[in-house]
Amino acid sequence: MRNFKFLALAAIAITLFASCMGENYAAPQGSESPYGNNALTESNVLTVAQLKEKFASAFATNKAFKEITEDIQVKGVVTSSDKEGNIYQEVVLQDATGAISVLVAQSNTYGYLPLGAEVLVSLKGLCVGNYKFQPQIGALGSGSLGKINKFVWNEHFKILSNNNKVEPKVFDGSWNLDADAGKLGVIKNVSLKSGYDFNAKVNVTTYANANGGAGSVSWSLNEQDSKTLVMYNSNFAKFASLPVPVGKKVNITGIFQRYNNLWEIIIRSIDDVEEVKAPLDPLAGLKGTGKGTAADPMDVTRALALINSGNAGTTEWYVKGKISTLAANGFNAKYHNYTYSISQDGTTNNELEVFRGKYLNGADFTSADQLALGKTVVVAGKLKNYNGTLEFNAGSKLISIN
């Protein structure tokens with residue numbers, strides 16, 4: 001495994017440049033930013049997908065690159081951050097069609113290009129290419145795609161707006177290595193398996209090997225083939241020495257970069273690894289009995305308490321009670337449903353209304369005499385508070401009548 005792409009001088013102390021501009025600097029929208037080229041105007045703007053199509057050979061051929069001589073532009077929203085050191089001298093831009101990395105020979109770009117900044121890039125004089133098929137914008141290097149000098153970069157970009165939201169796309173079987181490389185994504189309900197520093201040839205239990213020098217750690221997932229997807233962390237990341245929640249279910253958000261046919265998740269900060277909390281029991285501590293299942297219906301007391309707790313959600317709950325009220329004109333011959341109420345003891349105290357409920361197992365009601373006061377019933381449906389009325393929502397069904 002090769003050295004991490006974002007390394008080299010990541011341990012250098014924060015420069016005066018960064019301290020002067022302050023954390024997460026962003027010029028107010030509509031004003032001129034002290035960073036970039038405010039004289040740029042939008043002209044001949046390509047989407048990321050159009051850019052990839054136009055220079056397909058440079059993106060699809062390993063180690064290829066192409067200098068851009070046309071006056072064309074691309075724009076996108078910043079989804080990366082080098083604040084925590086896991087991304088180094090790279091800015092990732094994403095639009096509705098895809099994502100692309102911009103290689104900039106400058107640290108602490110998060111200070112003036114924070115997450116959510118929309119950036120216009122003038123491409124004339126820059127180069128496009130790839131690293132292991134990850135699409136990139138850079139400069140002419142020594143026979144390869146290099147990083148853009150910070151002074152040159154300053155003439156090629158303009159901040160258009162700030163605080164734009166890019167929602168991470170859920171990583172699933174539909175992702176395409178060509179079209180989706182570099183996008184902000186999230187893989188849900190997975191667990192981290194093992195970490196390995198290929199340079200030091202050691203297993204680690206932390207995010208990276210903080211004492212391993214220039215290098216990186218690949219973390220495999222229990223649910224994914226490690227030849228297909230890994231979480232990839234720099235040894236210079238500020239969170240390198242923190243322990244990984246091995247075996248616990250997590251959601252991992254990050255830049256899904258391509259390395260040949262492998263997906264590498266590059267997290268921006270430790271907050272990108274979110275532990276999946278076990279769902280709370282909505283019935284915990286409520287009065288009454290029963291689990292609200294077909295095998296163990298809850299009583300009306302518990303059903304009313306559940307609605308009042310606000311935790312009934314969209315679950316189909318099973319409730320057992322006695323018919324206490326048959327609403328006037330409760331039987332609807334047109335729509336074949338019935339509105340009635342049930343209670344714990346068959347009285348009109350603390351009733352739960354069944355609004356436009358269906359007959360046994362969802363069949364139509366055909367007559368008003370199919371229900372009678374005092375009958376014990378089990379009803380299944382969604383519970384809600386409708387303007388102060390605690391009820392089964394329309395469409396519930398009778399399970400049994402005794």
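The basis for the numbers below is simple: all heavy atoms, side chains too, and nothing from hydrogens, waters or symmetry mates. Quick caveat, the model's predicted, so the values are computed rather than measured.
- Taken to the nearest 0.5 Å, the NZ atom of Lys358 stands 7.0 Å off from the NE2 atom of His336.
- For the residue pair Gln344 and Asp299, a side-chain donor N or O sits within less than 3.5 Å of a side-chain acceptor on the partner.
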Side chain to side chain contact (heavy atoms under 4.5 Å, CB included) assessment of Asn44 paired with Glu70: CA-CA 10 Å; Asn44 298 323; Glu70 300 175 58; over 6 Å; no
Evaluation steps, side-chain hydrogen bond (donor to acceptor under 3.5 Å, both in side chains), between Thr389 and Glu353: CA-CA 8 Å; Thr389 299; Glu353 182 176 276; 5.6 Å; no
Side chain to side chain contact (heavy atoms under 4.5 Å, CB included) assessment of Arg268 paired with Ile87: CA-CA 7 Å; Arg268 289 84 51 89; Ile87 294 176; 4.3 Å; yes
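- Between the CG atom of Leu373 and the NZ atom of Lys375 there is a distance of 11.0 Å, given to the nearest 0.5 Å.
- Between Thr253 and Glu274, every side-chain heavy-atom pair lies at or beyond the 4.5 Å cut-off.
- Applying ring-ring contact (aromatic ring centres under 6.0 Å, His included) to Tyr207 and the options Phe239, Phe236, Tyr232 leaves one that passes, Phe239.
- Considering OG of Ser161 and NZ of Lys75, their distance stands at 8.5 Å, rounded to 0.5 Å.
- At a cut-off of 3.5 Å, with distance as the only test, no side-chain donor of Ser269 or Glu84 sits close to an acceptor on the other residue.
- With hydrogens and angles disregarded, no donor-acceptor distance shorter than 3.5 Å links the side chain of Lys66 to the backbone of Ala58.
- Here the closest heavy-atom approach between residue Gln134 and residue Ser101 is recorded as NE2-OG, 3.8 Å.
- Paired with Asn235 under the rule side chain to side chain donor-acceptor pair (under 3.5 Å), one option of Asn211, Thr206, Asp197 passes, and it is Asp197.
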CA sep, side-chain torsions, deciding dist, call: Ile307, Trp317, side chain to side chain contact (heavy atoms under 4.5 Å, CB included): CA-CA 11 Å; Ile307 297 172; Trp317 297 101; over 6 Å; no
Residues Ile252, Ile267; criterion side chain to side chain contact (heavy atoms under 4.5 Å, CB included); working and verdict: CA-CA 8 Å; Ile252 305 175; Ile267 61 176; 3.8 Å; yes
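- Counting heavy atoms from C-beta on, the side chains of His156 and Ile148 never come closer than 4.5 Å.
- Ring pair Tyr259/Tyr131 is tilted by interplanar angle, where 30° to 60° counts as tilted.
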CA sep, side-chain torsions, deciding dist, call: Thr47, Asp95, side-chain hydrogen bond (donor to acceptor under 3.5 Å, both in side chains): CA-CA 7 Å; Thr47 67; Asp95 66 8; 4.7 Å; no
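- Looking at heavy atoms from C-beta onward, Tyr196 lies out of side-chain contact with Ser226 at the 4.5 angstrom threshold.
- Of all the heavy atoms in Tyr318 and Val378, the pair that sits closest is CD2-CG1, 4.3 Å.
- Rounding to the nearest 0.5 Å places OG of Ser218 at 10.5 Å from CG of Leu229.
- Thr339 is listed as a side-chain neighbour of Arg356, based on a closest heavy-atom distance under 4.5 Å.
- Atom CD1 of Ile159 and atom OH of Tyr112 lie 8.0 Å apart (nearest 0.5 Å).
- Put simply, the side chain of Asn37 does not reach to within 4.5 Å of the side chain of Lys158, judged on heavy atoms.
- Using cut-offs of 30° and 60° on the angle between ring planes, the pair Phe256 and Trp175 is tilted.
- A donor-acceptor pair shorter than 3.5 Å cannot be found between the side chains of Glu90 and Ser80.
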Salt bridge (charged side-chain N to carboxylate O under 4.0 Å, His left out) assessment of Arg258 paired with Asp180: CA-CA 9 Å; Arg258 180 180 181 178; Asp180 296 318; over 6 Å; no
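- The minimum heavy-atom distance linking Val45 with Gln50 is given by the pair O-OE1, 4.3 Å.
- Going from atom OG of Ser341 over to atom CG of Leu352 covers 7.5 Å, rounded to the nearest 0.5 Å.
- Here the closest heavy-atom approach between residue Phe157 and residue Asn154 is recorded as CE2-CA, 3.7 Å.
- When all heavy atoms are compared, the tightest approach of Asn62 to Phe133 is N-CE2, 3.5 Å.
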